[in-house]
K.L.:
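First the structure, then my questions, so here it is.
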Amino acid sequence: MNAKHQRIRDALLKGSAVEIETTDPETLVFVENELIEDHLEGSLTPPESELFLANFLVTEERREHLNEVRMLKRFSSDAFEFDASGFDEPSKSVGSSFSRTATVILIVAITAILIFISLKFLRSY
């Protein structure tokens with residue numbers, strides 16, 4: 001993580017409005033997403049986790065964003081529990097072809113959802 005992103009991350013955790021207000025919206029959304037991912041993955045330190053809960057989740061928009069990312073992670077982890085080794089050799093069976101088509105459609109749908117969420121938050125800043 002570069003120094004600029006680290007400063008923004010620290011400001012988000014500490015609730016420092018000055019650093020956040022001077023940040024371009026794209027960078028802010030990127031750092032917020034990283035922070036949410038770290039929280040959901042449990043990779044924040046205990047002090048960072050306390051700051052996250054106390055200072056980052058102060059707005060309804062951030063709480064909604066956290067819940068949306070949480071749902072997408074759950075959905076994608078459930079949806080992608082399949083054996084990818086079958087992609088090495090083409091199969092002639094209809095079921096396998098259907099499964100691959102469904103997987104591609106699912107990936108496209110998840111990508112569209114992520115783009116929609118990103119645009120939604122970029123417009124709100």
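Worth knowing before you read on, the calculation uses all heavy atoms, side chains too, and leaves out hydrogens, waters and symmetry mates.
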K.L.:
Is a side-chain N or O of Arg62 found less than 3.5 angstrom from the main chain of Phe56, in a donor-acceptor match?
P.N.:
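Yes: the side chain of Arg62 pairs with the backbone of Phe56.
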
K.L.:
My understanding is that only residues two or more places apart in sequence, or in another chain, count here; which of them pass salt bridge (Lys or Arg N to Asp or Glu O under 4.0 Å) with Glu60?
P.N.:
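Here the qualifying residues are Arg63.
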
K.L.:
Should Leu53 and Leu66 be regarded as members of a common hydrophobic cluster, given that ILVMFWY residues are connected when their side-chain heavy atoms come within less than 4.5 Å of each other, either directly or indirectly?
P.N.:
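Yes, Leu53 and Leu66 fall within the same hydrophobic cluster.
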
K.L.:
Check Glu32 against Leu12 and note the closest heavy-atom contact, atom names and distance.
P.N.:
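Scanning both residues completely, I find the closest heavy atoms to be CG-CD1, 3.8 Å.
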
K.L.:
Is the shortest heavy-atom distance from the side chain of Leu35 to the side chain of Leu44 under 4.5 Å?
P.N.:
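Yes, close enough: below the 4.5 Å cut-off.
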
K.L.:
Could you name each residue pair satisfying ring-ring contact (aromatic ring centres under 6.0 Å, His included) that touches residues 2-25, not counting sequence neighbours?
P.N.:
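Every ring-ring contact (aromatic ring centres under 6.0 Å, His included) pair that includes a residue of residues 2-25, provided the two are not neighbours, is His5-Phe30.
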
K.L.:
Taking the side chain from Ser49 and the backbone from Thr45, do they hold a donor-acceptor pair closer than 3.5 Å?
P.N.:
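Checking the backbone N and O of Thr45 against the side chain of Ser49, no donor-acceptor pair under 3.5 Å is found.
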
K.L.:
Side-chain heavy atoms nearer than 4.5 Å, only ILVMFWY residues, links allowed to pass through others: does that put Val29 and Phe116 together?
P.N.:
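Linked within one cluster.
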
K.L.:
Using 0.5 Å steps for rounding, measure from the CD atom of Glu68 to the CD1 atom of Ile113.
P.N.:
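Result: 10.0 Å between the selected atoms.
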
K.L.:
Measure across Ile117 and Leu72 and return the closest heavy-atom pair with its distance rounded to 0.1 Å.
P.N.:
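Result for this residue pair: CD1-CD1, 3.4 Å.
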
K.L.:
Apply side chain to side chain contact (heavy atoms under 4.5 Å, CB included) to Asn67 and list each qualifying residue two or more places apart in sequence or on a separate chain.
P.N.:
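With sequence neighbours excluded, Asn67 shows a side chain to side chain contact (heavy atoms under 4.5 Å, CB included) to Arg70, given in chain and number order.
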
K.L.:
Under 4.0 Å between a side-chain nitrogen and a carboxylate oxygen: does that hold for Glu37 and Lys73?
P.N.:
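Result for this pair is yes, salt bridge flagged.
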
K.L.:
Is the count of non-hydrogen atoms from other residues, nucleotides or ligands lying under 6.0 Å from Glu64 atom CD greater than 12?
P.N.:
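Yes, the 6.0 Å shell around CD holds more than 12 heavy atoms from other groups.
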
K.L.:
Ignoring hydrogens and angles, tell me if any N or O in the side chain of Asp38 forms a donor-acceptor pair with the backbone of Ser43 under 3.5 Å.
P.N.:
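Answer holds: no.
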
K.L.:
Check whether Ser118 reaches the backbone of Leu114 with its side chain - one donor and one acceptor, N or O, closer than 3.5 Å.
P.N.:
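Looks like yes, one N/O pair under 3.5 Å.
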
K.L.:
Is a side-chain donor or acceptor of Gln6 paired with a backbone partner of Ala3 at a separation under 3.5 angstrom?
P.N.:
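No; zero donor-acceptor contacts below 3.5 Å.
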
